[in-house]
Visitor: 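The structure is given below, and queries will be raised subsequently.
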Amino acid sequence: PQAADRPEVIAELAGRWLREVPDDGLRTLVEVAATVRRFDQDLLAHMTGAPVSSGDFDRLTTLSFVRHGRGAWALHDLVRSTILRELQWRSPDAFRTMRQRALGHYARLSTLPGSESERAAALEEFFYLLGDSLIRAAFFDADDPSGVDLHVQPATPADLPALGAYMDAWRHDAARAASTDVELVDRQSRIHFHHVLPVEHNRREAELIDISSLLALGSGVVRMLKDPDGQIRGISVVIPVNAQTLGYLESQAVTGPYFRSLSLRERAGYATPPGRTRAWFLRLVDLRDPGDNAGRIAFQRVLFPLMLRDGRILASTPLPFYQDLLHRFGLVEVEGATHFDYGPDNPSPTYILDLRGPRLAAYLAHLASGGDPGASALDSALD
């Protein structure tokens, strides 16, 4: 192993950072803070199981390696990763206990009444703390976009010329380019993930996406990721499933096979008035540059809120990488809804996640338990 992976080296590095920490009580708070990406006084108290005085919190936040941002406090990334790895080696039980308490805290915030932005922020932290390396690599541990002025906005018919140019460039590249290799890295575990976007898939997807008809479905169906110069850096397509869109979804490639397989009763369950939509089809997330890490993270902040809307999420893909990612988020394959719209050699299952009613709390508890149906680690936190 590399020197930085050896326990004795990690312990020495952690010791250097902690020299300015004068006592064991403050050191404990530093270790607790290292377990999460961001913290405040209430979270530390929840994780330690005891009140944290304002004096102790002030001492913590005035340490040289603690900074403030995005409405919370955080340890410097290098310090945090070093202290966290040392804690995991030295006291794995303590680490697991604090992590589980933090998961309970964020799961509870995700399920309580409140603003969607606050609940979505808590859900982000929950998924980061789960410790799934692929989820972290895909949604978190890329370049931090905080210093990149990217914004996601709903597209309207007025954006059709710019979106048309985006699709023309996509089709041009798909016609000329080879398959695209994308590498993702989970910086915490140092695990690398490689996935390939086959040229055949890129070409077929570019043919299937009709921006004009999607814009006609309403504002917000198509969203644009823009850079500071106003250039479109990526697009997403999330189609609400309701009485107004159901006919369109049934008639299209990729979405149609699932909806045409439904019984009349099942179909009626989706035919809600537009104002009462309780299902969304995650049809597309495309980045102009597949290796655009900051762009991927910016889109992540649009996708997580879907889990908070008391409904069902649907998706379909023939790509093993994305199939794996959907499975890790808890989506399950729908029997009888696999199609070959991306080609005869590319079976594409349809996946669903049902979070209606009280299912969100049970879903988060299931993920936090690692899928153990007998585990109840979050039960008390979610009551």
Visitor: Taking D77 first and then R80, would you say they form a salt bridge - that is, a charged N and a carboxylate O separated by under 4.0 Å?
Guide: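 No, this pair does not count.
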
Visitor: With rounding to the nearest 0.5 Å, note down the distance linking CZ in R223 to CD1 in I235.
Guide: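 Result: 13.5 Å between the selected atoms.
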
Visitor: For the pair E31 and R27, find out whether any cationic side-chain nitrogen is under 4.0 Å from an anionic carboxylate oxygen.
Guide: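 R27 and E31: salt-bridged.
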
Visitor: Does L160 have any side-chain contact (heavy atoms from CB on, under 4.5 Å) partners at least two apart in sequence or in another chain, and if so, which?
Guide: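 For L160 the side-chain contact (heavy atoms from CB on, under 4.5 Å) partners, ignoring immediate neighbours, are I211, S212, L215.
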
Visitor: Short question: side chain of T350, backbone of V334 - any donor-acceptor pair under 3.5 Å?
Guide: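 Not at all, since once roles are kept as given, no pair shorter than 3.5 Å links the two residues.
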
Visitor: So do the side chains of L78 and F65 get within less than 4.5 Å of each other, counting heavy atoms only?
Guide: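 When only atoms from C-beta onward are counted, F65 and L78 do not touch, as no gap falls below 4.5 Å.
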
Visitor: So do I209 and M167 actually touch side chain to side chain, heavy atoms under 4.5 Å?
Guide: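 Yes, their side chains come closer than 4.5 Å.
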
Visitor: Nearest 0.5 angstrom please: L314 CG to L331 CG, how far?
Guide: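 It comes to 8.0 Å.
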
Visitor: Looking at E335, I want to see if its CD is surrounded by more than 12 non-hydrogen atoms of other residues, nucleotides or ligands under 6.0 Å.
Guide: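 Counting other residues, nucleotides and ligands, CD of E335 stays at 12 neighbours or fewer.
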
Visitor: Is it true that atom CG of D23 has more than 12 heavy atoms of other residues, nucleotides or ligands lying nearer than 6.0 Å?
Guide: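 Yes, the 6.0 Å shell around CG holds more than 12 heavy atoms from other groups.
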
Visitor: First locate atom CG of D159, then atom CD of Q153, and finally report the distance between them rounded to the nearest 0.5 Å.
Guide: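 Reported value, rounded in 0.5 Å steps: 6.5 Å.
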
Visitor: Once salt bridge (charged side-chain N to carboxylate O under 4.0 Å, His left out) is applied, do any residues pair with D173, and if so which ones, sequence neighbours excluded?
Guide: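 Residues passing salt bridge (charged side-chain N to carboxylate O under 4.0 Å, His left out) with D173: R288.
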
Visitor: Does L26 reach the side chain of D56, with side-chain heavy atoms less than 4.5 Å apart?
Guide: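 In short, these two side chains do not touch, never coming nearer than 4.5 Å.
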
Visitor: Mark yes or no: R328 above the aromatic ring of F127, with NZ or CZ under 6.0 Å from the six-membered ring centre and no more than 45 degrees from the axis.
Guide: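 The answer is no; the distance or angle limit is not met.
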
Visitor: Under a 4.0 Å threshold between the charged nitrogen and the carboxylate oxygen, would R203 count as salt-bridged to E200?
Guide: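 No, this pair does not count.
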
Visitor: Does some side-chain heavy atom of V221 sit less than 4.5 Å from a side-chain heavy atom of P240?
Guide: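 Heavy-atom side-chain distance check passes, below 4.5 Å.
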
Visitor: For the residue pair L29 and F39, establish whether any side-chain heavy-atom pair is separated by less than 4.5 Å.
Guide: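 In short, these two side chains do not touch, never coming nearer than 4.5 Å.
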
Visitor: Both conditions, 6.0 Å and 45 degrees, for the charged tip of R296 above the ring of F139: are they met here?
Guide: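 Pair R296/F139 does not count as cation-pi.
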
Visitor: Does the plane of the ring in Y342 sit parallel, tilted or perpendicular to the ring in H339? Use 30° and 60° as the thresholds.
Guide: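 Rings of Y342 and H339: tilted, 30 to 60°.
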
Visitor: Are the side chains of H68 and T61 in touch, meaning some heavy atoms are under 4.5 Å apart?
Guide: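 H68 does not reach T61 side chain to side chain.
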
Visitor: Check this for me, if you would: do R136 and D186 make a salt bridge, where the nitrogen-to-carboxylate-oxygen distance has to be below 4.0 angstrom?
Guide: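 Here R136 pairs with D186 in a salt bridge, since their nearest N and O are under 4.0 Å apart.
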
Visitor: Evaluate the ring planes of Y128 and F140, with Trp represented by its six-membered ring, and classify them as parallel (under 30°), tilted (30 to 60°) or perpendicular (over 60°).
Guide: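 Answer is perpendicular, since the angle exceeds 60°.
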
Visitor: With D310 as reference, evaluate R359, R278, R356 under the salt bridge (charged side-chain N to carboxylate O under 4.0 Å, His left out) test and give the passing residue.
Guide: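 That would be R278.
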
